[in-house]
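The sequence lines fix the lettering, A, B, ..., with proteins before strands; numbering per chain opens at 1.
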Amino acid sequence: RKEVEQDPGPFNVPEGATVAFNCTYSNSASQSFFWYRQDCRKEPKLLMSVYSSGNEDGRFTAQLNRASQYISLLIRDSKLSDSATYLCVVRNTGKLIFGQGTTLQVKP
Amino acid sequence: DARVTQTPRHKVTEMGQEVTMRCQPILGHNTVFWYRQTMMQGLELLAYFRNRAPLDDSGMPKDRFSAEMPDATLATLKIQPSEPRDSAVYFCASGLVGTRRARNYEQYFGPGTRLTVT
């Protein structure tokens, strides 16, 4: 079993839709949580950190449930430019552990 | 705009040949990571260094892979001998960890080296 698990998708949604991605992690001692975005044939880039109280950055909302070891990302009013792979990431000591990623395709 | 740089960007080689990949981390970052990404396994951590000292290389096949940081501006990942199963994209990332200036353990990735071993 992988330490960070995500539904690979793909999620195909129309522009303007709201879409949610979920992720579970197995190590209860994980210390920090993130969502990274990776465009096709590009490097991963930090999208946002995830805080225990939940946090929002524009159209993006991230939530963390430590009891269930569950992380989510909600994208509202999706744009064509949101099409990418979204990587759920947890930090254990100094290392980041990446999920396989969830692919989002936003269609006109 | 500071960036992590990696060379070469693409490498095609024959099985058995030595491959050396280079990375220049962002100036001032104290931690350097090497990752490998494949469709099957996703992004896997191979090794990482803090202040040029190797901290963890448990993700790296020891018999053929080696990682070094000869100075603060250069990290290398070497495969000798290479095998077709090593074909992947190899990313280097750097970050600033454990200091007051550190931000959320964010890692900045280079553009990657796309390796094909035939």
Side-chain angles (χ1 to χ4, degrees), chain A residues 1-10 21 23-27 29-57 60 62 64 71 73 84-103, chain B residues 1-6 9-10 21 23 25-26 29-51 53-60 88-99 102-116:
Chain A
R1 186 186 168 202
K2 287 191 175 291
E3 194 165 342
V4 179
E5 300 221 42
Q6 297 181 249
D7 179 350
F21 306 137
C23 160
T24 57
Y25 60 96
S26 60
N27 187 342
S30 297
Q31 296 147 317
S32 307
F33 309 89
F34 311 92
W35 285 99
Y36 273 67
R37 170 189 168 134
Q38 186 172 22
D39 292 300
C40 188
R41 299 181 77 85
K42 298 284 191 180
E43 70 272 21
K45 292 184 180 178
L46 178 66
L47 178 67
M48 60 196 299
S49 301
V50 187
Y51 301 118
S52 298
S53 53
N55 50 296
E56 193 173 297
D57 183 1
F60 298 82
L64 167 65
I71 306 162
L73 177 68
T85 296
Y86 291 83
L87 302 165
C88 177
V89 186
V90 304
R91 181 178 69 87
N92 297 330
T93 58
K95 301 193 292 190
L96 296 187
I97 311 298
F98 287 76
Q100 291 271 86
T102 298
T103 298
Chain B
D1 188 20
R3 295 183 185 206
V4 175
T5 58
Q6 289 185 247
R9 295 290 307 277
H10 302 271
M21 290 169 271
C23 167
I26 292 173
H29 281 184
N30 63 355
T31 308
V32 174
F33 304 83
W34 281 106
Y35 292 91
R36 174 171 64 185
Q37 188 173 39
T38 61
M39 289 292 291
M40 292 298 293
Q41 299 298 326
L43 203 58
E44 302 173 285
L45 179 66
L46 296 175
Y48 76 104
F49 297 78
R50 178 136 330 128
N51 298 320
L55 283 195
D56 188 341
D57 62 0
S58 58
M60 204 163 66
V89 181
Y90 290 81
F91 287 106
C92 174
S94 72
L96 190 59
V97 178
T99 73
R103 257 190 73 213
N104 296 327
Y105 292 86
E106 180 174 0
Q107 293 183 16
Y108 296 79
F109 281 75
T113 294
R114 189 170 296 273
L115 174 65
T116 303

| query | Counting heavy-atom pairs under 4.5 Å to chain A, which of B:Gly112, B:Ala93, B:Gly95, B:Gly110 comes out on top? | reply | B:Gly110

| B:Gln41 portion near chain A, given a 4.5 angstrom heavy-atom threshold | both

| task | Report the C-alpha separation of A:Leu96 and B:Tyr35 in whole Å, then their side-chain angles, then the decisive distance to 0.1 Å, and conclude whether the side chain to side chain contact (heavy atoms under 4.5 Å, CB included) test is met. | result | CA-CA 10 Å; A:Leu96 296 187; B:Tyr35 292 91; 3.9 Å; yes

| Could you give the distance from CD (A:Glu43) to CZ (B:Arg3), rounded to the nearest 0.5 Å? | 8.0 Å

| query | Tell me, which pairs form a salt bridge (charged side-chain N to carboxylate O under 4.0 Å, His left out) where one or both residues lie in residues 93-103 of chain A, sequence neighbours left out? | reply | A:Lys95-B:Asp56

| Quick one: are B:Gln107 and A:Tyr36 in side-chain contact, heavy atoms under 4.5 Å? | yes

| message | For the CZ atom of A:Arg91 and the CD atom of B:Glu106, what is their distance to the nearest 0.5 Å? | response | 13.5 Å

| query | Where on A:Lys42 is there a heavy atom nearer than 4.5 Å to chain B: the side chain, the backbone, both, or neither? | reply | backbone

| task | Identify which part of B:Leu43 has an atom lying under 4.5 Å from any heavy atom of chain A, answering side chain, backbone, both or neither. | result | both

